[in-house]
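All remarks here apply to the structure that follows.
Reminder, nothing fancy here: chain letters follow the sequence lines and each chain counts from 1.
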There are 2 protein chains.
Amino acid sequence: MVTGKSTILDVARIAGVSTATVSRALAHPDRVQQATRDRVMSAVRKTGYRVNPVARNLRTQRTNVILVLAPNLANTFFSRILSAVTEVAASHGFGVLIADSAPLGDHDLDVMDLSGDGRADGIILLDGALDPLRVTNTDLPLVMACEWIEDSTLPTIAIDNVQGARLAVEHLSALNHHRIAHIAGPVGNVLSTARHDGWRSAMQALDHRIEQNDYFAGDFTLGSGVSAARQWLAQPADQRATAVFCASDECAMGFIGHVTRQGLRVPDDVSVVGFDDIDLSEHFLPSLTTIHQPRRRMGARAAETVIRLIRHENTAGADAAPLPVELVVRGSTARR
Amino acid sequence: MVTGKSTILDVARIAGVSTATVSRALAHPDRVQQATRDRVMSAVRKTGYRVNPVARNLRTQRTNVILVLAPNLANTFFSRILSAVTEVAASHGFGVLIADSAPLGDHDLDVMDLSGDGRADGIILLDGALDPLRVTNTDLPLVMACEWIEDSTLPTIAIDNVQGARLAVEHLSALNHHRIAHIAGPVGNVLSTARHDGWRSAMQALDHRIEQNDYFAGDFTLGSGVSAARQWLAQPADQRATAVFCASDECAMGFIGHVTRQGLRVPDDVSVVGFDDIDLSEHFLPSLTTIHQPRRRMGARAAETVIRLIRHENTAGADAAPLPVELVVRGSTARR
DNA sequence: CTGAAAGCGCTTACAG
DNA sequence: CTGAAAGCGCTTACAG
């Protein structure tokens with residue numbers, strides 16, 4: 001019997017008790033007499049009453065929700081992280097709300113925004129390009145995950161991107177490749193920078209010269225893999241890098257797709273390594289050699305960390321060592 | 001100069017005005033004298049004040065947010081829909097919050113939940129398995145998108161799934177395939193059912209018999225494509241379907257990946273059609289023939305519809321005809 | 001075990 | 001143009 005939205009007062013009237021009792025019957029059933037509780041519950045059913053979360057939040061100063069701010073929901077990389085966050089949060093009694101952080105960058109969020117206090121008890125920020133001071137009003141616990149902010153002291157869950165790049169380069173080098181090109185991620189992004197650095201330093205450590213044409217700009221997308229492939233193909237065949245390390249799996253797939261359609265073969269004509277190990281990588285043709293990121297663990301750890309912060313529990317180890325990455329050798333790389 | 005969280009009262013005191021004036025200076029600058037406004041703004045800056053959205057929502061009974069409930073954030077299919085929703089919403093002054101609808105199915109959300117009134121002004125529900133009566137407290141405008149609920153009168157934005165399946169089958173038939181198998185989506189899902197029906201009726205209309213072994217259970221995932229491929233391969237080579245229509249692109253990629261790794265070739269040995277046209281489909285090897293869904297348009301239309309509902313504007317045409325699908329012929333299908 | 005009352009942080013008629 | 005006051009829908013000490 002649902003009729004319009006009813007408040008706690010409606011329920012109280014029907015049950016013949018005070019609103020305080022209704023509230024207690026719902027939140028602390030043991031603190032109200034059995035008979036009273038029954039009357040309340042029946043009134044709740046009769047009215048279809050549900051507590052207004054906003055009113056409750058305002059009163060209790062808690063929301064039991066964690067807000068996740070992601071830079072790009074169109075990036076398949078985040079999905080598994082989000083589901084891990086949701087799971088862990090649920091097991092601690094928190095709900096998870098997700099918002100695209102891109103709009104926040106544009107607008108002026110000085111005074112009003114999606115993320116402010118009151119809507120959430122804590123924030124997980126996946127976007128290293130956002131100024132966290134602008135994201136939240138001072139007091140809200142905030143943890144960074146995946147990306148990070150240089151010189152900040154925020155608790156951060158991330159992998160060792162430099163090491164990931166190094167593993168890729170060493171693998172290729174061990175297969176006798178010396179000319180190893182790199183297709184980078186978006187300029188300015190911390191992940192791009194770290195992977196780029198890892199590539200450069202590993203090349204140097206192995207005494208492989210980096211040719212001027214072996215760096216390709218990109219942005220993690222399929223499309224950027226395609227356009228890098230075009231540029232690479234435009235180089236004289238005998239002067240091309242024999243292997244390519246891509247800043248993301250999607251980019252690698254774009255590269256392989258284009259190059260293959262142009263008649264070359266991977267890995268026979270060129271070896272390719274990705275980064276991320278998204279679900280599709282093992283099913284791609286050829287299956288993709290890549291750097292595995294523990295996405296579930298990152299999500300879970302991020303959730304645990306904010307929750308601990310929210311509860312003022314010991315946070316030691318929160319910003320501990322980066323999570324380990326792993327080289328997964330599959331079909332897109334071969335001995336030269 | 002940010003020091004703890006400050007309230008409107010702090011600002012008022014510093015500016016030497018009432019809280020009413022602070023509120024007005026922020027929300028309706030034109031209604032307060034220039035000089036006063038300046039004092040308020042400077043106090044705002046000094047305190048780092050941001051309005052508490054929860055308090056405002058409670059007072060105004062509006063949130064300016066739209067909540068999107070998605071069944072599975074790990075499904076790459078939703079990302080583009082979500083970004084379209086976010087864009088359109090932003091252009092109308094609404095923020096978008098996203099939540100995983102899966103946990104809602106489990107728990108008892110009779111009394112408290114993520115989606116209740118107060119947190120959002122309207123809901124876009126992408127999950128046809130959820131009972132919308134339980135999702136929202138009566139009054140919140142709700143529109144279904146992608147999936148729908150049989151026999152409900154909710155405004156619904158969807159494509160013609162039966163027609164999509166039909167296009168796939170007709171394409172394959174025109175390429176001289178008569179044995180066209182189907183790998184289905186999850187049982188009970190409206191999309192699965194519609195695509196399955198479309199396959200069956202198209203086969204019938206074309207006078208192609210459906211062999212008992214030509215239906216494979218699945219669930220839209222890569223993995224389900226792989227296991228269908230195993231079953232298909234287990235059939236005697238001369239008794240297998242020569243073409244497969246998959247309920248999703250991911251499933252098709254899983255099928256192609258496995259079958260190729262087992263030494264067969266697509267499309268030479270078997271033609272495959274997917275459904276969705278996700279970003280990767282054109283880059284996959286072979287590129288995937290599939291049914292294109294206008295994901296951006298669906299997201300945009302869903303957003304426009306809820307917003308119109310929220311504003312009590314004319315909703316005519318909201319549940320108009322389904323959006324058109326389109327066959328995209330690429331490399332995974334060939335003449336038999 | 002239950003109720004009256006205060007208060008969470010805002011906004012908005014209503015006066016002036 | 002500005003302020004005092006009420007009220008959005010709850011919860012929680014505090015009495016009884």
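- Spacing of C1' atoms, dT12(D) relative to dG16(D), comes out at 16 Å, to the nearest Å.
- For N57(A) and dC10(C), the CG to P distance is 14 Å, given to the nearest whole Å.
- Going from atom CD of Q33(A) over to atom C1' of dT2(C) covers 9 Å, rounded to whole Å.
- Here the P atom of nucleotide dG7(D) and the CD1 atom of I8(A) are 18 Å apart, to the nearest Å.
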Steps toward side-chain hydrogen bond (donor to acceptor under 3.5 Å, both in side chains) verdict (R62(B), N64(B)): CA-CA 6 Å; R62(B) 292 196 98 249; N64(B) 284 310; 2.8 Å; yes

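- Where L58(B) and T36(B) each meet DNA chain D at their nearest nucleotide, the meeting point lying more 5' is that of T36(B).
- Residue R13(A) contributes atom CZ, which lies 12 Å from atom P of dG9(D) at whole-angstrom precision.
- Taking atom P on both dC1(C) and dA5(C), the two are 23 Å apart, rounded to the nearest angstrom.
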Could I get a table of every N or O pair under 3.5 Å where one atom is in the protein and the other is in nucleotides 12-16 of chain C?
| unit_1 | atom_1 | unit_2 | atom_2 | d |
| --- | --- | --- | --- | --- |
| dT12(C) | O4' | R59(B) | NH2 | 3.1 |

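- Remark: P of dG9(D) and CG of L26(A) are 16 Å apart, rounded to the nearest angstrom.
- For the pair Q34(B) CD and dT2(D) C1', the computed distance is 16 Å after rounding to whole Å.
- A sub-4.0 Å separation between OP1 or OP2 of dG7(C) and a side-chain N or O of Q61(A) is absent.
- Judged by distance alone, the side chains of D38(B) and Q34(B) do bring a donor and an acceptor atom under 3.5 Å apart.
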Secondary structure of DNA chain D in dot-bracket form (Watson-Crick or G-U wobble, distances below 3.5 Å, | marking inter-strand pairs): |||.||||||||.|||

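- The distance from atom CG of D10(B) to atom P of dC8(C) is 12 Å, rounded to the nearest whole Å.
- More than 12 non-hydrogen atoms from other residues, nucleotides or ligands lie less than 6.0 angstrom from CG of D30(B).
- Evaluation of the salt bridge (Lys or Arg N to Asp or Glu O under 4.0 Å) test over residues 66-86 of chain B, restricted to residues two or more places apart or in two chains, returns R80(B)-D279(B).
- In this structure, the side chain of D121(B) engages the main chain of T63(B) through a donor-acceptor pair within 3.5 Å.
- Residues that satisfy the salt bridge (charged side-chain N to carboxylate O under 4.0 Å, His left out) test with E87(A), not counting sequence neighbours, are R296(A).
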In residues 19-27 of chain A, what donor-acceptor pairs under 3.5 Å come from side-chain atoms, sequence neighbours left out?
| unit_1 | atom_1 | unit_2 | atom_2 | d |
| --- | --- | --- | --- | --- |
| T21(A) | OG1 | S18(A) | OG | 3.3 |

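- Rounding to whole angstrom units, CZ of residue R56(A) and C1' of dT11(D) are separated by 9 Å.
- In this structure P322(B) satisfies the side-chain contact (heavy atoms from CB on, under 4.5 Å) test together with D160(B), sequence neighbours excluded.
- Proximity of a side-chain donor or acceptor of D10(A) to a complementary backbone N or O of T7(A) within less than 3.5 Å is detected.
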